[in-house]
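What follows is a set of notes on a single structure, which appears directly below.
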Amino acid sequence: MIERVSIDDIEIAYRISGPSRHGVPVLMIMGYGGLMEMWPPTIVETLARTRPVIVFDNRGMGYSTSSDQDYSIARFAADAHALLRALDIERAHVLGWSMGSYIAQELALAHPERVEQLILLSASCGGAEAVWPDEAVWRRLVDMSGTLEERIRRMFENLFPPEWLRETPDPMQVFPPITAPIDDANLLRQADALRAWPGVCPRLSEIVAPTLLMTGTEDVVIPPRNAWIIGERIAGASVIQIKGGGHGFFYQAPEQTARYLAAFLDGEQVHPHPGGF
């Protein structure tokens, strides 16, 4: 069930799965253009077996409202922090994908007392130290033209490697049903926030939360080298690379991803299995 809470200048829409108030909750932060209902059910359900799992729509996306305040990664992180406060959650495991990983890093730096463990999927720390995608990839990301089918095709080209797309007749089969609205104007505001983000690479050594990074070997949106750039700067961080995975590797291998995430959250050592999925 979708619920809403007022924070600052907007309303955040969210949903909580799993046992109420049992264990440290997981806050899952979606990426650019993402909606909370886009998380693979396998991952949410696996993590929710033993702890609350909170998913939500970033401001201006899905069922969350917007305002005339400027969009920025820091503001998105402040929204996530305000959501935790509104739900009376003192500490949470924080998981972010893509742009959500930017938000998660900013949250961990601004409010370390709130972050139990940090999980970064398809992550970059931004700035001059990061490895950026080709210009053609960025153009595909922000291209709002064409029919819905053309836009979905471009999304698939960003999320998944060509070989996987050739072997998967209907890529939509890996996505849960999407019912929430996407406002193109707010999507462009998110894109502007991505461009303007100065990054946090020089500050990563300040992160004290145990950290896991996961990346796909074929990610063209946030090249996999970025995971090691972050991992080398956060003490004790672990990096897992999914062979054959694209930017949306966890859609390609939800069960494998869920096992790694659950093991890490349970305090186990995570070791990548040789080979792909």
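Counting begins at 1 with the first residue of the sequence. Hydrogens, waters and symmetry mates are skipped; everything else that's a heavy atom, side chains included, is used.
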Is it true that the side chains of Glu106 and Trp197 contain a donor and an acceptor less than 3.5 Å apart? yes

Around atom CD of Glu150, are there more than 12 heavy atoms from other residues, nucleotides or ligands closer than 6.0 Å? yes

Exactly one of Leu107, Thr211, Leu213 clears side-chain contact (heavy atoms from CB on, under 4.5 Å) with Leu118, and that residue is Thr211

Option passing side-chain contact (heavy atoms from CB on, under 4.5 Å) with Leu27 (candidates Leu83, Ile89, Val115): Leu83

Who are the salt bridge (charged side-chain N to carboxylate O under 4.0 Å, His left out) partners of Arg259, not counting sequence neighbours? none

Residues which pass side chain to side chain contact (heavy atoms under 4.5 Å, CB included) with Asp70, listed by chain and number, not counting sequence neighbours: none

Looking at residues at least two apart in the chain, or sitting in another chain, which of them share a side chain to side chain contact (heavy atoms under 4.5 Å, CB included) with Glu149? Thr147

Stepwise salt bridge (charged side-chain N to carboxylate O under 4.0 Å, His left out) test for Arg140 and Asp143: CA-CA 5 Å; Arg140 277 205 309 264; Asp143 188 350; over 6 Å; no

Could you list the donor-acceptor pairs under 3.5 angstrom formed by side chains in residues 39-49, with sequence neighbours left out?
residue : atom : partner : partner atom : Å
Thr46   : OG1  : Thr42   : O            : 2.7

Side chains of [X] and [Y]: does their closest heavy-atom pair fall under 4.5 Å?
| X | Y | value |
| --- | --- | --- |
| Val220 | His247 | no |
| Leu141 | Arg154 | no |
| Met1 | Glu3 | yes |
| Trp164 | Leu159 | no |

Residues 109-124 vs salt bridge (Lys or Arg N to Asp or Glu O under 4.0 Å), sequence neighbours excluded, gives Arg91-Glu116

Counterpart residues, ring pair (Phe, Tyr, Trp, His ring centres under 6.0 Å), relative to Tyr71 (two or more places apart): Phe76

Which atom of Asp57 lies closest to which atom of Ile12, heavy atoms considered: O-CD1, 3.7 Å

Please confirm whether the backbone N or O of Pro171 pairs with a side-chain atom of Tyr251, one donor and one acceptor, at under 3.5 Å? no

Given 3.5 Å as the limit, does a donor-acceptor pair link the side chain of Ser101 with the main chain of Ser98, or not? yes

In plain terms, say whether Glu232 and Arg225 are close enough for a salt bridge, that is, a side-chain N and a carboxylate O under 4.0 Å apart. yes

May I ask you to decide whether Asp183 forms a salt bridge with Arg189, counting only side-chain N to carboxylate O separations under 4.0 Å? no

